[in-house]
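Taking it in order: structure first as structure tokens, then the write-up.
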Number of protein chains: 2
Amino acid sequence: MRALAMPQDGSGAPRFSHVACGDCPIRERAVCAYCDGDALDALSAIKTYREYPAGRDILAAGEVSPMVGSIVRGVVKLTKSLPDGRAQMVGLLFPGDFVGHPGRAEAAYDATAATEVQLCLFQRQPFETLLRETPQLEKRLLDMTLTELDAAREWLLLLGRKTARERIATFLMALAGRARRAAPAGLPDGAPFCFPLPLTRGEMAEYLGLTIETVSRHMTRLRAEGVLAFSDARSVSVPDLAALAAEAGD
Amino acid sequence: MRALAMPQDGSGAPRFSHVACGDCPIRERAVCAYCDGDALDALSAIKTYREYPAGRDILAAGEVSPMVGSIVRGVVKLTKSLPDGRAQMVGLLFPGDFVGHPGRAEAAYDATAATEVQLCLFQRQPFETLLRETPQLEKRLLDMTLTELDAAREWLLLLGRKTARERIATFLMALAGRARRAAPAGLPDGAPFCFPLPLTRGEMAEYLGLTIETVSRHMTRLRAEGVLAFSDARSVSVPDLAALAAEAGD
DNA sequence: CGGCATTTTGACGTCCCTCAAGGGGCGTGG
DNA sequence: CCACGCCCCTTGAGGGACGTCAAAATGCCG
């Protein structure tokens with residue numbers, strides 16, 4: 001397990017260039033979104049970039065991390081485990097999302113890079129100081145935390161009440177919605193909607209509260225029924241978004 | 001469905017006295033915990049108290065509420081439902097907890113009084129203004145929201161991976177811990193630990209992602225095995241907290 | 001070509017859900 | 001005081017969705 005603060009080995013060496021905040025791809029979505037002028041300069045002064053290859057641990061539960069930060073590129077999964085090894089993904093973070101809890105140094109769950117990831121990191125101490133002095137930073141963090149809380153509660157409904165088929169359809173709909181928003185250029189609505197899966201079958205199972213076999217079986221069945229199409233197991237195409245939405249249960 | 005702002009009928013008429021903030025039982029735990037002096041006066045100036053009998057709806061999903069507030073007494077449940085009627089409790093709020101999301105007027109879930117409830121309410125608009133002007137208020141709200149997020153993620157693990165028996169044990173352990181903290185007077189550790197259940201079997205099922213029959217069956221079995229004892233279905237006694245903890249799975 | 005990880009598929013078991021009936025507590029009304 | 005209804009809880013029988021165990025297929029990379 002490798003903490004946010006640990007130096008990285010060669011395989012994780014930087015491959016993305018550091019950017020000015022003004023050119024940052026997550027400028028509008030990240031914790032810094034409401035900041036400008038002096039506040040942005042102050043944040044910029046304490047930021048460092050860091051890359052993680054797919055599969056690498058970013059932070060382990062119970063570990064004390066001196067860093068918090070924003071996802072610039074890639075997907076980060078948050079996982080909680082029981083002593084006997086059963087594991088449940090409790091969050092899936094995308095570019096712009098914030099990693100780490102200001103105010104509590106000890107991580108409550110494992111954070112792992114699901115894909116290659118670039119983080120924009122801040123040392124905890126200066127960041128928390130800045131947080132106290134910068135109302136718009138704190139406001140943004142509160143907004144983002146409330147959004148995450150809503151998302152977690154939506155997931156409670158999924159885990160508590162939805163069938164395996166509905167869980168998979170819900171997850172794919174969420175990914176489709178994200179892909180659509182990421183490529184807002186006027187795409188024909190009629191064309192099959194296509195996007196990559198950032199997770200393996202096993203990771204999907206971990207997220208959806210299922211086993212890998214159940215995920216695989218239902219994916220296969222959805223394909224057989226024409227709701228989904230995919231040649232590669234890691235990329236999905238949806239001929240009819242409405243049909244998939246109808247399978248999601250809400 | 002009755003909104004926070006709606007006037008109440010006779011059955012819900014106030015039965016608790018309004019109190020000065022200095023004498024408030026949740027003074028140390030609520031959103032106002034970090035406030036004093038002017039900030040506390042400003043909050044006090046816009047607060048109103050309101051009572052709800054057990055079972056009454058406080059706020060319905062999708063409804064626009066002009067109020068937010070703190071629970072002074074009682075237990076509030078938050079529930080999300082699917083169109084076909086399946087329902088999952090997504091939060092259980094106790095005295096000191098905050099009801100409503102500043103910044104988003106539309107409720108994301110139903111809020112219902114599980115027991116008789118007293119709320120300390122603030123009109124949304126003045127509260128949000130005060131929030132912008134009062135860093136310690138925003139800080140407290142952020143802290144509380146992060147705590148709720150952690151709790152929700154703990155619940156994801158429960159719903160995704162724990163067996164019915166483990167879910168029930170986990171829930172009872174949480175209640176036992178709360179009861180113990182509420183009565184910190186040096187109780188003998190050896191004595192059977194006793195506390196009331198704020199929820200019916202049906203509500204427990206709704207919270208735990210189970211059916212009422214499964215909850216009832218496992219409660220019966222836990223009693224038969226001596227892990228629990230109860231004469232009244234609504235109050236539980238735990239002869240051996242460690243034994244119950246061992247059933248919780250973590 | 002060969003090794004490894006991932007995915008798919010099959011057979012079987014089990015935990016929990018569904019459907020159904022019955023019991024206990026409590027308030028209301030005769 | 002008892003009868004009745006209502007709600008909550010309990011208990012039972014049966015079935016189904018998903019988990020477990022196992023093996024084969026597919027893809028990736030050296």
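Per chain, numbering begins at 1; letters A, B, ... match sequence-line order.
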Nearest to the side chain of [X] - [options]?
X	options	value
A/Glu213	C/dT9, C/dC16, D/dG12	C/dT9
A/Arg234	C/dT7, D/dT10, C/dT9	C/dT7
B/Ser216	D/dT10, C/dA11, C/dT8	D/dT10

[X] [atom1] - [N] [atom2] separation (whole Å):
X	N	atom1	atom2	value
B/Leu159	C/dC17	CG	P	12 Å
A/Met219	C/dT7	CE	C1'	11 Å
A/Lys162	C/dC17	NZ	C1'	19 Å
B/Phe230	C/dG24	CZ	C1'	14 Å
A/Ile168	C/dT7	CD1	C1'	13 Å
B/Leu208	C/dC17	CG	P	10 Å
A/Leu197	C/dT7	CG	C1'	13 Å
A/Arg86	C/dC15	CZ	C1'	13 Å

Under 4.0 Å from OP1 or OP2 of [N]: is there any side-chain N or O of [X] that close?
X	N	answer
A/His218	D/dC18	yes
A/Thr220	C/dT7	no
B/Thr211	C/dC16	no
B/Thr200	D/dC7	no
B/Arg201	D/dT10	yes

| message | What I want to check is whether an N or O donor and acceptor connect the side chain of B/Arg217 with the base of C/dT18 at under 3.5 Å. | response | yes

| request: Could you tell me whether the side chain of B/Glu203 has a donor or acceptor atom within less than 3.5 Å of a complementary atom in the base of D/dC8? | output: no

| How do A/Ser231 and B/Ala233 order along DNA chain D: which one's closest nucleotide is nearer the 5' end? | B/Ala233

| message | Please tell me whether A/Tyr52 and A/Asp57 have a donor and an acceptor in their side chains that are separated by less than 3.5 angstrom. | response | no

| Think A/Arg73 forms a cation-pi with A/Tyr49, using NZ or CZ under 6.0 Å from the six-ring centre and within 45 degrees of its axis? | no

| message | Tell me whether the NZ or CZ atom of B/Arg178 lies within the 45° cone about the ring axis of B/Phe195 and under 6.0 Å from its centre. | response | no

| query | Checking all strands, does B/Gly55 fall into the base, sugar-phosphate, or nothing category for heavy-atom contacts under 4.0 angstrom? | reply | nothing

| Heavy atoms under 4.0 Å, any strand shown: does A/Arg161 hit a base, just sugar-phosphate, or nothing? | nothing

| field | Candidate list A/Leu93, A/Thr115, A/Asp97, A/Leu92, test side chain to side chain contact (heavy atoms under 4.5 Å, CB included), partner A/Val76, passing option | value | A/Leu93

| query | Which pair of non-hydrogen atoms, one from B/Ile212 and one from B/Ala205, has the smallest distance, and what is that distance? | reply | N-CB, 3.6 Å

| task | Please report the closest heavy-atom contact between A/Thr112 and A/Gly55, naming both atoms and the distance. | result | CG2-O, 3.6 Å

